[in-house]
Protein chains: 2
Amino acid sequence: MVTMKDVGREAGVSAMTVSNVLRGNDNVAPETAKRVREAADKLHYRLNTTSLSARSLRVSTSRRGKEFGTIGLAIFELDQPYPSQLASLVSIEAEKRGYQTVVQQTRINELNERSIIERMSNQFCDGLLFSSSRLSAYEIETLSNHRPTVLLDDDRRQTDIDTVLTPCEAGAQAAITYLHGIGRRRIGIIGANPAVNEVSLEDSRITKGRRITGCRIAFEELGMTWNPARVIPTPWNNVDARQAVHTYESTIRDCDALFCMTDTVAFGVIRGLKDIGLDVPRDIAIIGFDGIAMGASMVPSLTTVAVDIEDIARRSVDLLIRRIDDEPNLPHQRVTATFHIERRESA
Amino acid sequence: MVTMKDVGREAGVSAMTVSNVLRGNDNVAPETAKRVREAADKLHYRLNTTSLSARSLRVSTSRRGKEFGTIGLAIFELDQPYPSQLASLVSIEAEKRGYQTVVQQTRINELNERSIIERMSNQFCDGLLFSSSRLSAYEIETLSNHRPTVLLDDDRRQTDIDTVLTPCEAGAQAAITYLHGIGRRRIGIIGANPAVNEVSLEDSRITKGRRITGCRIAFEELGMTWNPARVIPTPWNNVDARQAVHTYESTIRDCDALFCMTDTVAFGVIRGLKDIGLDVPRDIAIIGFDGIAMGASMVPSLTTVAVDIEDIARRSVDLLIRRIDDEPNLPHQRVTATFHIERRESA
DNA sequence: CTGAAAGCGCTAACAT
DNA sequence: ATGTTAGCGCTTTCAG
């Protein structure tokens with residue numbers, strides 16, 4: 001391997017000068033710089049990143065939040081509107097506070113998650129924002145070297161990691177109540193897990209289960225009968241959701257409203273309903289969940305439980321930076337984002 | 001961060017002994033080992049992978065980044081479908097080749113771009129995928145320390161950086177030709193830059209200009225008169241595109257087809273046309289550009305110039321890894337992705 | 001059995 | 001304008 005020292009020897013200067021030239025510092029005589037660049041070319045010199053990160057250990061420990069910090073965001077998908085928007089907003093919030101954000105996609109793959117946590121925490125970042133997975137808190141702590149970490153939307157009631165939650169129960173409850181309020185009584189729910197039993201359907205630790213739980217609470221409070229047959233499973237993407245409308249057509253034709261567990265599901269469902277000739281909202285009212293930006297431009301525009309995604313971004317970045325900058329011994333917080341019902345054409 | 005030294009201090013031994021215990025070497029007294037392990041637990045010690053790899057420089061010179069490769073992707077927006085999808089696909093392609101991908105959003109801000117290139121190239125990554133900006137190639141090379149870099153969709157005809165291009169001219173040409181082929185003659189274009197003159201409108205170095213150029217070529221070849229009044233400016237997002245339909249309503253009512261310069265623009269335009277009571281495709285045919293996944297689920301579904309985004313991801317990752325792994329002196333390549341017209345309901 | 005020293009490639013801070 | 005020193009966390013070597 002060619003090192004700066006080698007280049008320096010070739011050019012008749014020290015490694016330090018090579019470093020200066022290659023990083024574009026202007027404290028080197030043009031003559032010398034030229035000689036150095038030629039030597040580097042000749043020897044095919046390449047900067048060694050490994051030693052750079054070794055170096056950065058030193059820098060980052062002494063820096064302590066002064067200059068440029070980096071926060072990592074590990075998120076399940078990059079090509080879906082909700083996580084994309086969240087990533088973008090986290091990026092912006094972090095920038096306001098002088099931090100850069102690097103994003104990695106986990107694809108909800110445990111192996112990925114593990115190596116991402118390890119790399120991000122140990123090599124790249126001053127702190128990590130980690131979106132929901134089934135890794136144990138203990139494992140996250142261990143892999144991250146007990147570095148500052150904030151969990152997003154992970155409701156396993158562990159109190160030893162900072163967490164920012166989506167208002168799943170309250171939001172779902174509000175959705176059902178809204179549909180009830182506009183006179184709908186045959187309300188279906190779409191976006192559940194394919195469940196083998198009632199318990200797994202409502203697994204309260206995970207997002208899907210928490211939203212179902214919110215629905216049930218609403219049904220009870222409104223005195224409506226809970227009908228599991230009207231809980232339709234589908235993965236949270238528009239293609240599968242559209243397909244589900246076809247698969248569960250008879251169930252859906254029996255409903256006068258559908259609560260879609262995400263806006264992306266709603267997008268696919270609206271398309272599916274078009275396929276089978278049902279009009280939204282006349283034949284069937286649709287309400288989504290998330291409040292993604294494109295909901296406003298759908299045809300019809302989407303009524304939805306609009307989570308304040310900016311609030312999530314802001315609070316999670318705040319929590320994380322607080323832990324990076326300040327005492328690591330602060331008590332752990334668990335906060336829930338706000339939401340409102342965004343009333344549009346679909347319901 | 002807790003180091004072996006810290007653990008050693010806690011246990012009353014040297015860092016060396018800690019190292020021996022933690023790696024399971026049997027040359028430590030059981031008593032001591034126990035004490036060390038307890039101290040490590042108490043302080044939440046974890047082996048620091050960074051310094052391990054630094055160390056490995058010394059041990060084996062032949063490491064050459066195989067085991068832990070990381071590539072960086074700097075992209076303009078994270079909350080728009082096209083860049084999100086690209087990021088996701090790059091991530092997947094890189095993973096197939098044993099590389100992790102970290103993504104940063106530039107928001108087309110030069111300051112951001114500069115610091116992202118600097119940080120990513122020098123601290124995080126073995127190579128950088130950089131999507132279109134106005135930074136000079138020279139500046140990119142300098143900031144990145146001449147590390148492996150592949151440009152995405154940057155057509156400044158510089159030959160000294162690997163580049164993967166979207167088929168802007170050919171795709172736009174195909175779009176116009178398609179609209180002509182289905183009998184439309186009053187074709188408008190939406191998504192241009194607000195231009196002060198014809199030249200800036202067609203600035204051939206940038207994506208928008210290249211698509212306009214493709215349109216002009218098609219108009220000429222089809223013997224249609226080029227009418228600049230039918231070129232409508234709008235930023236590339238659905239909200240502004242929808243608004244533009246209202247602002248340019250009279251122009252649009254005079255058209256029987258619109259080429260939308262991106263699918264996201266098309267999404268907003270379709271919504272805008274709904275607002276003003278125009279039917280797609282009866283009153284006006286719509287064709288988009290990009291081939292984002294959600295186009296298939298829009299109402300109506302979107303006919304579009306479907307760029308093979310997977311092809312872009314694959315080729316850019318290939319190019320980059322080739323340059324990371326192999327000789328850095330390979331000739332620079334400039335490749336263009338493939339596309340096809342995806343025929344759906346909107347045209 | 002235990003630990004001191006050296007050194008991996010690089011660069012901030014200081015010296016010349 | 002250029003060089004010297006020190007040190008990032010760890011492990012190999014070798015001396016106690």
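Proteins come first, then strands; the chains are lettered A, B, ... in the order of their sequence lines, and each starts at number 1.
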**OP:** Output the single nucleotide from dT11(D), dT2(C), dC10(C) whose closest atom is nearest the side chain of Ala29(B).
**Re:** dT2(C)
**OP:** Using distance alone, with no hydrogens and no angle criterion, decide if Asn112(B) and Thr106(B) have a side-chain donor and acceptor under 3.5 Å apart.
**Re:** no
Original post:
Starting at CZ of Arg9(B) and ending at P of dG9(D), how long is that distance when rounded to a whole Å?
Top reply: 12 Å
Subject >> Closest nucleotide among dG3(D), dC10(C), dA4(C) to the Met4(A) side chain >> reply: dC10(C)
Original post:
Given atom CG of Asn25(B) and atom C1' of dT13(D), what is their separation to the nearest angstrom?
Top reply: 14 Å
Original post:
In whole angstrom, what separates Glu31(A)'s CD from dA1(D)'s P?
Top reply: 12 Å
Subject >> Arg35(A) CZ - dA1(D) C1' separation (whole Å) >> reply: 12 Å
Original post:
Any sub-3.5 Å donor-acceptor pair from Asn25(A)'s side-chain atoms to Asn27(A)'s backbone N or O?
Top reply: no
Subject >> Carboxylate-amine/guanidinium proximity below 4.0 Å for Arg323(A) and Asp162(A) >> reply: yes
Original post:
Lys5(B) NZ to dA4(C) P: how many Å, rounded?
Top reply: 11 Å
Original post:
Thr32(B) side chain N/O closer than 4.0 Å to the phosphate oxygens (OP1, OP2) of dC1(C)?
Top reply: no
Original post:
What nucleotide, of dT11(D), dT2(C), dC10(C), holds the atom closest to the side chain of Thr3(A)?
Top reply: dC10(C)
Subject >> Distance in angstrom units between Leu22(A) CG and dC10(C) C1', rounded >> reply: 12 Å
Original post:
Does dT2(C) have OP1 or OP2 sitting under 4.0 Å from an N or O in the side chain of Ser14(B)?
Top reply: no
Original post:
Are Arg35(B) and Glu38(B) within salt-bridge range, i.e. N to O under 4.0 Å?
Top reply: no
**OP:** Can you tell me the distance, in whole Å, between the CG atom of Asn27(A) and the P atom of dC14(C)?
**Re:** 15 Å
Original post:
Across the strands shown, which category fits Met16(A) at heavy-atom distances under 4.0 angstrom: base, sugar-phosphate, nothing?
Top reply: base
Subject >> Below 4.0 Å: OP1/OP2 of dC10(D) and any side-chain N or O of Ser19(B) >> reply: no
Original post:
Rounded to whole angstroms, how far apart are CG on Asn20(B) and P on dT12(D)?
Top reply: 9 Å
Subject >> Comparing Asp26(A) and Ala15(A) on DNA chain D - which has the more 5′ nearest nucleotide >> reply: Asp26(A)
**OP:** Among the candidates dG3(C), dA1(D), dC10(C), find the nucleotide nearest to the side-chain atoms of Val13(B).
**Re:** dG3(C)
Original post:
Counting only side-chain N and O atoms of Tyr45(B), is one of them less than 4.0 Å from OP1 or OP2 of dG9(D)?
Top reply: no
Original post:
Do the side chain of Gln104(A) and the main chain of Ile75(A) share a donor and acceptor less than 3.5 angstrom apart?
Top reply: no
